[in-house]
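Atom set for the values below is all heavy atoms of this structure, side chains included, hydrogens, waters and symmetry mates excluded. These numbers come from a predicted model, not from an experiment. Protein chains get the first letters and strands the later ones, always in sequence-line order, with residue 1 at the start of each.
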Amino acid sequence: MGKTSKDKRDIYYRLAKEEGWRARSAFKLIQINEEYNIFDGVLRAVDLCAAPGSWSQVLTKKLRQNAENVEDVKIVAVDLQAMAALPGVIQIQGDITKLSTANEIIKEFEGKNADLVVCDGAPDVTGLHDIDEYVQSQLLLAALNITTHVLKKGGVFVAKIFRGKDVTLLYSQLKQFFEFVTVSKPRSSRNSSIEAFVICQNYQPPEGYEPTMVNPLLDHKYCDFNQFTGPNRFIVPFNACGDLSAYDSDTSYPLLLEGQTSYEYKEPVQGPINPPYKEILDKTKFSNKCWRNINA
Amino acid sequence: MSQFIHTDVTVVKLHQDFIITGIGSAASVFERNSLKFLERINCLIGQKIYGIVPLKDSSKFLIFGGKQFTVICIDCNLNGDTNGLNIHRHFKPLVCEDWLHSATWVDTNTVALLTAHNAVQIWDLRTQCILSQHFSADNSILYSGLLLPLQDGLLVFAGTVFSEVIIHTPLDEKPLHHLKGHRGVIFSISCNPQKRVIVSTSDDRSVRIWGINPNKPDLLSNTTEYWKNIDIVCNHEVYGHTARVMRSSITNELIVSVGEDSVICFWGYDGKLLKKHETHQNSPIWSVDANNSHLVTGGGDGAVILHPLSMASDYGQEESIILNTQTPAIPKKIAFTARNNLVILNDIDSAIHYHTTNTKTTVTHKINHGSTYKLLSVSSCKQLIAVADMSGKLDVFAENCKEDCITRVVDTNLNEKVLSMQWAGNRHLVFCGDNGNITVASSVNSTVDIYGDFVLPNCKERWLTAAAMDVKNKILIVGDRCGNVHVYVKDQKNPVKTFNKVHGRYGPTSITIKNNEFITTGRDGTIRYFSVNENDSSLAKYMTSKELEFQWVEKFIDKEENIICGFKERIFVVYNVQNNLKLIEVSCGGGHRSWDVVRYIGKVGDEYDELIKLVYVKNSEICSHTFQLSKIMSKNVINSSHSKEINCLKSFKSNLDKTISFYVTGGEDTTLRLSSINSDLQIRDEIVSKHLSNVRTVKIVDLEGSIIVVSAGGRAQIRIKLIHISRVDKHLKASSQELIDYLIKGKDKERKNNQTWRNSSIDFDPETRIMDVDVLKQNDKFLIFAGCSDACLRLFSFIYKPGNVTFEPIGEMRHHKTCILKTTCVNFLDKDILITCTTRGEVSLWDVTDIVSWDDHKPFFSTITNKCGINSIDTRVTCDNILIATGGDDNAIHLTLLEFPDLNLSGTYVKHRWSTDKFHCSQVTGVKLVDDLLVSTSIDQRVTLAKWWEEKEGIRCDFQSQIFSDIADIQGMEILSNTSGAITVCVFGKGLEVVELPK
């Protein structure tokens with residue numbers, strides 16, 4: 001594939017590189033904010049499953065506008081994987097299903113709760129949709145579980161969700177903890193993609209709810225008000241977000257965008273760190289190198 | 001109700017004489033020897049099956065998947081009558097709180113389950129209640145797990161996201177062992193305690209073979225004590241797959257792993273890679289099971305394939321043939337004869353006949369050649385062997401049909417230069433000499449008659465590479481070194497029809513004439529099909545081609561043209577093109593050496609088997625390789641189809657048999673396929689064409705007996721095919737003909753002006769995908785509207801008449817600002833109206849009646865329905881209004897009723913709107929209006945039936961019923977039939993399912 005074909009195929013991939021974001025997903029958070037103003041008054045935010053760090057980048061930029069003193073802004077990024085450092089972001093390399101991780105976050109906030117928790121985590125997809133959807137829902141529930149430890153009442157939780165066959169089970173679960181639950185698709189997320197985002201506002205845990213990390217939060221079962229098939233399914237309102245005039249992720253744009261006079265190819269801002277296939281790549285690198293030398 | 005399903009095969013099980021498969025929520029049973037389908041049963045509810053666990057005495061099978069499990073029993077009368085198979089389910093599936101990774105029987109009425117959060121549940125099947133539950137301290141999510149029943153408890157293998165396998169028991173607080181070393185998610189764990197081996201597969205592309213070393217050897221391996229007193233070490237970390245390794249299976253002799261790369265790897269216990277076998281058409285292999293004789297695999301292409309285990313170790317019988325000639329000589333050319341003997345030309349001008357069963361040379365004929373440029377050709381019956389040299393010396397030998405020897409029947413000199421010589425059938429020899437002079441000779445007794453003279457058009461290296469003759473219709477078809485194919489008729493020197501450059505620069509390797517068609521093969525990795533008109537050969541047409549996975553395609557070795565052989569670089573390959581299975585792969589050095597192959601039925605021991613024998617000359621020696629097919633040949637239990645998502649589907653029926661539905665499908669795997677489902681619920685499909693990129697849309701037009709198929713998609717490619725259905729014996733046969741292959745942006749070469757990639761400058765134009773097309777018949781031509789991803793609407797005209805097939809762009813319309821997702825045409829008030837939908841939820845109507853100029857054409861009406869992209873649209877036209885149903889990415893369905901005051905398009909307005917976002921919880925990808933019913937489907941895998949009507953206050957639509965489909969990632973649907981009681985629809989996405997919706 002040519003160097004520029006990715007740039008041509010995906011406008012947001014290209015814009016992300018031009019604007020210095022580590023991933024195109026940065027635009028998704030920006031567009032969610034345009035619709036829901038989730039950053040209003042937020043000083044303390046948690047970015048779960050943060051790597052490669054594009055949402056932390058957005059948080060840093062946006063939250064600093066909320067504070068007179070930059071020191072008041074606290075952003076904690078949590079991920080299992082290592083992430084390249086970001087100025088102004090406290091990093092915790094840990095598992096979001098562990099109580100220790102929740103305590104570490106609270107420690108960073110000096111005992112205070114977070115105003116906003118975001119999670120853009122996605123599992124390693126297998127290609128079997130039901131497993132992928134299940135693992136994604138477990139990731140979201142793990143994020144919700146840790147959120148119940150760190151989020152202030154009235155706070156906001158934003159997470160990636162796969163709108164698969166059992167998504168209504170998650171909706172009904174989220175609705176137990178938040179007054180407003182809507183599902184949203186930023187213009188920068190592709191039409192064909194199963195991914196969407198839940199925006200959960202006004203955190204109000206059920207009365208007597210004690211956050212616990214001992215057992216994982218399991219998802220709901222189908223019931224009378226949320227049938228497996230039928231007229232009574234628990235479906236939350238949907239909103240598209242992002243300006244109507246924003247770029248459309250499905251549209252192919254020329255390399256020279258309207259109003260531009262030149263185009264320059266840019267390398268990605270941050271490459272992957274230690275992927276699982278690294279070993280095999282290293283093993284086969286020799287032959288690739290030889291091939292390249294022959295062709296040089 | 002599901003009538004047919006073809007999708008990912010998530011579990012396969014070999015059990016006694018049966019193969020049991022889990023496809024979607026149903027289990028199917030096949031007989032292992034005959035591969036006959038026996039019975040199917042719905043097991044789970046809206047959940048794929050991931051495990052089938054038989055009870056020891058085979059009286060019951062535990063079926064689980066997702067959070068559900070149930071028990072079925074298979075009663076069979078094994079005394080020859082497997083038709084009496086009776087399957088039933090014991091109870092409706094029970095639902096656990098968590099996903100299940102593994103399950104096992106504790107006793108006849110108790111089962112143990114391992115959940116994705118590493119909890120072990122014990123269930124009593126009689127009361128259908130949980131007896132006990134044990135949570136492990138390590139409760140982060142598992143990707144795989146294995147429960148091993150022990151005499152005194154259970155052993156748990158948990159494959160974590162943290163790249164380790166934890167071995168624990170529900171009774172012990174602390175895990176017994178941690179198997180560390182993988183660098184990615186663990187996808188599967190298998191264990192064979194008798195063989196003291198554990199196998200884990202992972203995201204990191206590796207397979208790890210762990211050895212169990214007992215510290216107290218007298219403990220039995222099915223006791224907890226034993227597992228506490230062992231050391232587990234990673235004996236081998238092996239790499240054989242190029243993608244993630246999904247599953248493994250352990251047999252007595254070897255270890256099998258299957259991967260996302262469509263590869264089966266056979267490993268020895270010593271970690272040695274015994275064999276790599278590619279299967280399942282590049283789609284992931286999800287499931288595997290093996291016993292000590294067979295291996296069965298299930299893949300993402302929906303196929304279930306049975307492989308003999310011997311394929312891992314049976315490399316065929318290899319021997320070298322020593323010719324005991326008096327004078328030492330080097331073999332140069334070699335070929336098989338009718339009695340499967342060999343005829344060999346050597347460097348000292350001898351033709352030798354070698355008896356393969358007696359391993360003896362029977363006869364040696366001296367040939368007086370004047371040139372070292374020698375040619376050897378065997379007639380199609382293989383009884384006649386022609387030998388010639390460049391100077392024109394010709395000898396023909398005949399193999400005696402009763403005795404194993406050859407006699408010389410022709411010994412002559414043509415007195416002209418011979419550059420190439422081929423038999424065309426059994427009676428005619430085709431020579432090509434200087435200046436493209438083609439002479440066709442036929443032999444009568446010992447003299448040579450000239451049948452005809454022809455002239456090969458001028459080309460580089462002007463001689464032939466293949467020839468074939470239709471004696472009855474007096475047609476000669478030849479292929480030359482430039483890849484051209486020429487058709488001649490008797491008494492006309494020049495070709496009546498030439499197909500230029502059909503097979504690349506080496507020329508066709510073989511030509512086969514069959515009834516009204518001929519088939520050519522070439523070294524460009526293709527088989528090409530042509531039709532011939534017996535009355536007028538100049539009307540020969542190129543029909544279609546098949547692409548194979550190896551470059552050098554040589555010839556068919558069966559009479560039905562299904563089994564083809566060739567070379568993949570240095571490897572000799574035999575491939576069945578009918579069911580896409582590779583039969584043989586053997587390294588022999590490549591096709592440039594002299595070689596031949598024969599397929600026959602021969603005696604092996606006491607039984608007859610199908611054999612394939614390959615001979616080739618290597619290092620001046622003759623090597624022979626014999627394969628017993630039953631030992632190495634895989635067989636399809638269920639045929640394969642698309643290896644990735646199906647993006648589009650259209651169905652049609654032929655007038656010849658209205659009971660059979662044909663499906664034209666286009667997919668993410670870049671193929672366009674034509675398929676049908678037979679009465680045994682077996683799918684048969686054929687690749688009609690291969691696009692450069694994904695196929696996003698297909699439309700069909702019925703032309704009395706033939707179907708025009710327009711497909712389009714990525715790389716802005718449009719292809720048009722003609723499909724013709726005819727009756728052959730009792731069956732319907734589909735043949736296809738390529739009409740148009742068009743790239744909006746031009747072919748790569750045109751776009752880059754022949755520059756190499758190094759010198760080419762950046763192309764600023766966007767790469768465009770065609771998202772949807774619609775075809776409109778206007779007068780004698782077709783108009784094709786293409787909605788593209790660069791927001792441009794493009795119009796083409798297509799003319800299809802005998803002798804006139806043209807396709808040309810008419811114009812581009814840049815009205816929309818974002819990607820166009822859907823285009824559809826309706827006829828209303830005698831006007832042709834085009835409707836376009838975009839990613840912004842916009843619906844625009846264009847008047848395209850008698851389009852002359854496309855300049856400044858604007859939609860006459862636009863409205864916004866959905867909040868996001870519109871994935872599906874359907875319309876219902878009455879005499880004075882149009883009802884438009886749209887389904888979008890916002891999980892909403894909109895009904896929009898358009899009114900036309902004074903029946904004039906200019907005053908169009910929306911009379912009523914209705915919408916709901918409660919029918920589906922995910923993208924709505926299919927809507928259909930059928931009379932007063934609305935059918936919709938979505939990625940959420942539901943198909944909804946609703947009823948709509950118009951009232952004074954507006955349009956109303958009420959939910960009627962909903963069913964679940966096992967097809968993931970549903971991309972759309974097609975209505976197959978509509979009767980008073982039910983609507984039958986076909987939903988497609990990751991596979992396809994035919995379901996019936998009761999009204």
Side-chain angles (χ1 to χ4, degrees), chain A residues 2 4-5 8-9 80 95 97-98 123-124 126-131 134-135 138-139 142 163-165 167-168 171 183 185 191-192 194 214-216 218-219 221-222 228-231 233-235 237-240 244-245 248-256 263 265 276-280 283, chain B residues 8 10 45-48 66 95 97-99 116-117 135 139-141 183-185 202-206 239 260 284 286 300 757 762 764-769 789-791 818-819 821 839-840 867-869 871 889-892 917-918 921-923 939-942 959 962-964 968-969 990:
Chain A
T4 58
S5 28
K8 276 192 218 171
R9 207 158 41 169
L80 271 178
D95 179 359
T97 63
K98 294 277 177 292
D124 294 320
T126 60
L128 287 167
H129 291 72
D130 56 350
I131 298 184
Y134 173 77
V135 179
Q138 291 311 306
L139 191 68
R163 279 190 292 165
K165 69 185 179 81
V167 71
T168 60
Y171 290 158
V183 63
K185 196 156 171 95
N191 185 62
S192 48
I194 191 172
V214 179
N215 286 322
L218 293 172
D219 45 355
K221 285 186 182 181
Y222 287 104
F228 176 61
T229 53
R233 298 173 66 207
F234 197 92
I235 299 170
F238 177 94
N239 254 324
L244 266 177
S245 62
D248 177 51
S249 53
D250 290 280
T251 306
S252 331
Y253 292 93
L255 284 182
L256 273 185
Y263 163 83
Y265 174 80
Y277 48 84
K278 189 169 173 273
E279 182 94 346
I280 182 104
K283 277 181 207 270
Chain B
D8 294 298
T10 41
I45 300 172
Q47 171 58 53
K48 285 195 176 94
V95 183
E97 286 189 325
D98 199 1
W99 193 273
H117 286 92
F135 297 95
N139 61 6
S140 59
I141 194 146
R183 285 165 198 84
V185 167
S202 162
D203 196 9
D204 66 6
R205 278 79 167 151
S206 76
Y239 290 87
E260 210 177 15
W286 298 126
W757 62 272
I762 292 174
F764 284 90
D765 270 353
E767 192 52 82
T768 303
R769 306 179 296 279
S789 68
D790 58 353
T818 62
C819 178
L821 290 174
T839 46
R840 290 287 196 257
K867 290 177 189 165
C868 280
N871 299 317
D889 225 21
D890 52 354
N891 38 310
D917 59 358
K918 296 294 173 200
C921 62
S922 188
Q923 290 106 304
I939 305 269
D940 72 0
Q941 298 181 221
R942 269 78 169 180
F959 180 95
Q962 192 171 60
I963 58 155
F964 185 88
D969 207 7
K990 191 70 190 59

Test item: B:Lys918 side-chain N/O and A:Ile235 main-chain N/O as donor-acceptor pair under 3.5 Å = yes

ask   = Going through the checks in order, is the side chain to side chain donor-acceptor pair (under 3.5 Å) test met by B:Thr839 and A:Asp248?
value = CA-CA 8 Å; B:Thr839 46; A:Asp248 177 51; 2.8 Å; yes

Shortest non-hydrogen pair, B:Glu260 vs A:Thr126, comes out as OE2-O, 4.0 Å

Value for CD (B:Gln923) from CG (A:Asn191), rounded to nearest 0.5 Å, stands at 7.0 Å

Looking only at heavy atoms, the pair that brings A:Arg163 and B:Ile939 closest together is O-CG2, 4.0 Å

Applying a strict 4.5 Å limit to non-hydrogen atoms, the region of A:Thr97 in contact with chain B is side chain

Chain A shares the most heavy-atom pairs under 4.5 Å, among B:Gln962, B:Arg769, B:Lys48, B:Lys990, with B:Gln962

Query raised in the report: If we only count heavy atoms from C-beta on, is the A:Ile131 to B:Trp99 side-chain gap below 4.5 Å?
Result: yes

Answer key: most heavy-atom pairs under 4.5 Å with chain B among A:Leu128, A:Leu139, A:Thr168, A:Val167 is A:Leu128

Turns out that what part of B:Ile963 lies under 4.5 Å from chain A's heavy atoms comes down to backbone

Chain A shares the most heavy-atom pairs under 4.5 Å, among B:Asn871, B:Ile141, B:Asp98, B:Asp8, with B:Asp98

Here the gap from A:Phe238 atom CZ to B:Ser922 atom OG, rounded to the nearest 0.5 Å, amounts to 9.5 Å

Checked A:Pro231, A:Pro123, A:Ala142, A:Gly127 vs chain B; the most non-hydrogen pairs under 4.5 Å come from A:Pro231

Separation between NZ (A:Lys185) and NZ (B:Lys867), nearest 0.5 Å, reads 14.5 Å

CD (B:Gln941) and NE2 (A:His129) are apart, to the nearest 0.5 Å, by 8.5 Å

So, the part of B:Ser202 with a heavy atom under 4.5 Å from chain A: the answer is neither

Separation between CG (B:Asp889) and CG (A:Asp250), nearest 0.5 Å, reads 8.0 Å

Here the pair of heavy atoms bringing A:Gly164 nearest to B:Cys921 is O-SG, 4.0 Å

Honestly, the part of B:Phe964 sitting under 4.5 Å from a heavy atom of chain A is both

Okay, A:Phe228 and chain B: the region with an atom under 4.5 Å from a heavy atom over there is both

Honestly, the part of A:Ile194 sitting under 4.5 Å from a heavy atom of chain B is both

When every non-hydrogen atom of B:Asp917 is compared with those of A:Pro237, the smallest separation belongs to OD2-CA, 4.4 Å

In terms of heavy-atom contacts, B:Gln47 and A:Asp130 come closest through NE2-OD2, 3.1 Å

Where the side chain of A:Lys165 meets the backbone of B:Gly46, is there a donor-acceptor pair that is under 3.5 Å apart?
yes

